[in-house]
Q: 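The structure's right below; bear with me while I get my questions together.
Remember, it's a predicted structure, so these values are computed and weren't measured experimentally.
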Amino acid sequence: MAELKLSESRDLTRIERVGAHSHIRGLGLDSSLEPRAVSEGMVGQTAARKAAGVILRMIKDGKIAGRAVLLAGQPGTGKTAIAMGMAKSLGIETPFAMIAASEIFSLEMSKTEALTQAFRKAIGVRIKEETEVIEGEVVEVHIDRPAVAGAASKTGKLTLKTTEMETVYDLGAKMIEALGKEKVSSGDVIAIDKATGKITKLGRSFSRSRDFDAMGPQVKFVQCPDGELQKRKEVVHCVTLHEIDVINSRTQGFLALFTGDTGEIRAEVREQIDTKVAEWREEGKAEIVPGVLFIDEVHMLDIECFSFLNRALENEMAPILVVATNRGITTIRGTNYKSPHGIPIDLLDRLLIISTQPYTEDEIHKILEIRCQEEEVEMTESAKHLLTKIGVETSLRYAIHLITAAALACQKRKGKAVDLEDINRVYNLFLDVKRSTQYLMEYQSQYMFSDTVEADEDETNAMVS
């Protein structure tokens, strides 16, 4: 008999791409905001990380809304990494929106609308509401199925108990379906939302922990609820102002969030939403959670965007703005004036500036080790030292790019760990900026549109004669 072969299945949720900053888990600070040497994927930049930690503490305490922070430093000194660390340290509830300044010019909407949407994505609203909940331990689920299919709908009874009381509920078709979906059985502790009929499994009762049921390690045991079966509970929803804007400005409601068809949102809609949220705040139904808006390559914004940012930061509904740039004294886009970081002086005056320093050789070595772990590449110590030397002489980014390339070279020669010969091979295959520039200087006469100054002068002289 032929052997039955089962097709191999893979859990798609576990496939993750390794990104440039996927190794960052936080800012790597201890409880007193002192930076650890190597922690949560962060290496070096102790002063910048400590400053970011202070900002983070102020954000969590809600004391810094409407302020702005500038991360300024040379390319490849970890500005985006610090912003990512801040995002990871904020937690789930605090909104974090991240955009590149050049995105604003490539959208189908106006620049100010794109910035307004980015601002409102970074402001959260925590809405509280009270609901009636039935909470108890399932004693028995009894469902009567009709003998003839389609003759009558299913009927059933659900017995729930707390430590003080026990009640039998009659079940309709919808509730029977919901119980079936959640796979509720006797011994489960469940909560039923009376308004929506939603069933939530809280866990298994401790009284059933000795049952010889086939239970996986993920089964959670909870105490049997006490008191009344029906309780009033406070439910908290966290949404951003932008999500509320989209839901209220489109005919398809919240489905617009999935289609991505947001378009421009009218100012009247936003005003009405702001008024309503202000009412909820006064009534104690909602509270504002100022999040963080991170704009990378901020020097790409023009003078109109900078004027808008100046005004937007004064608004009471403003998030914490974190911007990053690697420019020195350069022209402000849209003007002929030069300014530090390409940002107008009046906006620079509002910014708390955090500067990042170039990495030392030891720090580059540690970063490369972390990246090797992240990219799952085995590398010998001598190869790591050579890669560190390359990182010091060229750039950290170039050295990081060589890791996976060297791993492929090692795989080709059927080696177990990346060695010196693999690093040498990929170093010769891929040029860094310095060697590429040197090559260009040598052969520039053979490239298109790169006539030298002498050639231009010869042409001019020929025309005059």
Side-chain angles (χ1 to χ4, degrees), residues 17-28 35-52 70-88 98 100 294 296-299 322 324-328 341 354-410 418-420 422-438:
R17 288 195 66 195
V18 175
H21 297 99
S22 55
H23 61 286
I24 304 293
R25 309 273 182 268
L27 281 172
R36 304 185 190 98
V38 182
S39 177
E40 296 181 324
M42 294 294 255
V43 177
Q45 302 297 353
T46 49
R49 277 160 55 203
K50 189 172 182 179
L70 169 66
L71 294 167
Q74 299 163 28
T77 51
K79 298 181 293 298
T80 310
I82 288 171
M84 291 291 287
M86 287 174 81
K88 293 276 168 71
M98 192 171 184
F294 176 62
D296 209 354
E297 308 294 333
V298 73
H299 52 265
V322 179
T325 179
N326 54 21
R327 296 293 165 98
H341 312 299
I354 300 173
S355 64
T356 53
Q357 306 302 322
Y359 289 110
T360 64
E361 193 171 330
D362 286 347
E363 287 166 355
I364 289 174
H365 185 80
K366 281 169 190 164
I367 291 167
L368 290 171
E369 276 188 337
I370 290 167
R371 287 304 301 178
C372 284
Q373 286 172 10
E374 185 70 18
E375 294 177 29
E376 294 178 356
V377 173
E378 285 285 326
M379 194 179 283
T380 62
E381 277 305 312
S382 54
K384 281 180 191 170
H385 283 297
L386 177 60
L387 205 55
T388 306
K389 286 274 185 288
I390 291 169
V392 171
E393 285 173 22
T394 58
S395 73
L396 174 61
R397 282 177 179 155
Y398 174 70
I400 287 171
H401 286 320
L402 292 185
I403 294 172
T404 305
L408 291 169
C410 171
V418 173
D419 213 337
L420 292 171
D422 303 311
I423 303 288
N424 282 328
R425 180 171 165 73
V426 292
Y427 181 73
N428 291 323
L429 279 173
F430 304 106
L431 300 182
D432 58 273
V433 178
K434 282 181 188 171
R435 283 184 296 153
S436 180
T437 311
Q438 198 177 340

Q: Could you tell me whether the side chain of Arg425 and the main chain of Cys410 form a donor-acceptor pair under 3.5 Å?
A: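 Flag not set: sc Arg425 to bb Cys410 has no pair under 3.5 Å.
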Q: Measure the shortest side-chain to side-chain distance between Lys88 and Leu27 over non-hydrogen atoms and say whether it is less than 4.5 angstrom.
A: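 Contact flag for Lys88/Leu27 side chains = no.
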Q: Is there side-chain contact between Arg397 and Pro75, with heavy atoms separated by less than 4.5 Å?
A: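 The answer is yes; the side chains approach within 4.5 Å.
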Q: Distance-only, no hydrogens or angles: does the Arg49 side chain make a donor-acceptor pair with backbone N or O of Arg36 under 3.5 Å?
A: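 Present.
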Q: May I ask you to test the Asp296-Lys79 pair for a side-chain heavy-atom distance under 4.5 Å?
A: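 With C-beta onward as the side chain, the pair stays apart.
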Q: For Tyr359, what residues pass the side chain to side chain donor-acceptor pair (under 3.5 Å) criterion, not counting sequence neighbours?
A: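 If we apply the side chain to side chain donor-acceptor pair (under 3.5 Å) test to Tyr359, skipping adjacent residues, there are no hits.
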Q: Distance check, rounded to the nearest 0.5 Å: Glu369 atom CD versus Thr388 atom OG1?
A: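 It comes to 8.0 Å.
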Q: Just wondering, do Leu368 and Met379 contact through their side chains at under 4.5 Å, heavy atoms?
A: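 No, their side chains stay 4.5 Å or more apart.
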Q: When the ring planes of Tyr427 and Tyr398 are compared, do they come out parallel, tilted or perpendicular, using 30° and 60° as the limits?
A: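 Tyr427 vs Tyr398 ring planes: perpendicular.
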Q: Within the 4.5 Å heavy-atom criterion, are Met98 and Met84 side-chain neighbours or not?
A: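 They are in side-chain contact.
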Q: Measuring from Thr380:OG1 to Ile423:CD1, what's the distance to the nearest 0.5 Å?
A: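 The CD1 atom of Ile423 is 7.5 Å from OG1 of Thr380, to the nearest 0.5 Å.
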Q: If I take atom CD from residue Glu374 and atom CD1 from residue Ile403, how far apart are they, to the nearest 0.5 angstrom?
A: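 Atom-to-atom, Glu374:CD and Ile403:CD1 are 10.5 Å apart.
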Q: Quick one: do Arg327 and Glu297 make a salt bridge, cutoff under 4.0 Å?
A: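 Answer for the salt bridge query: no.
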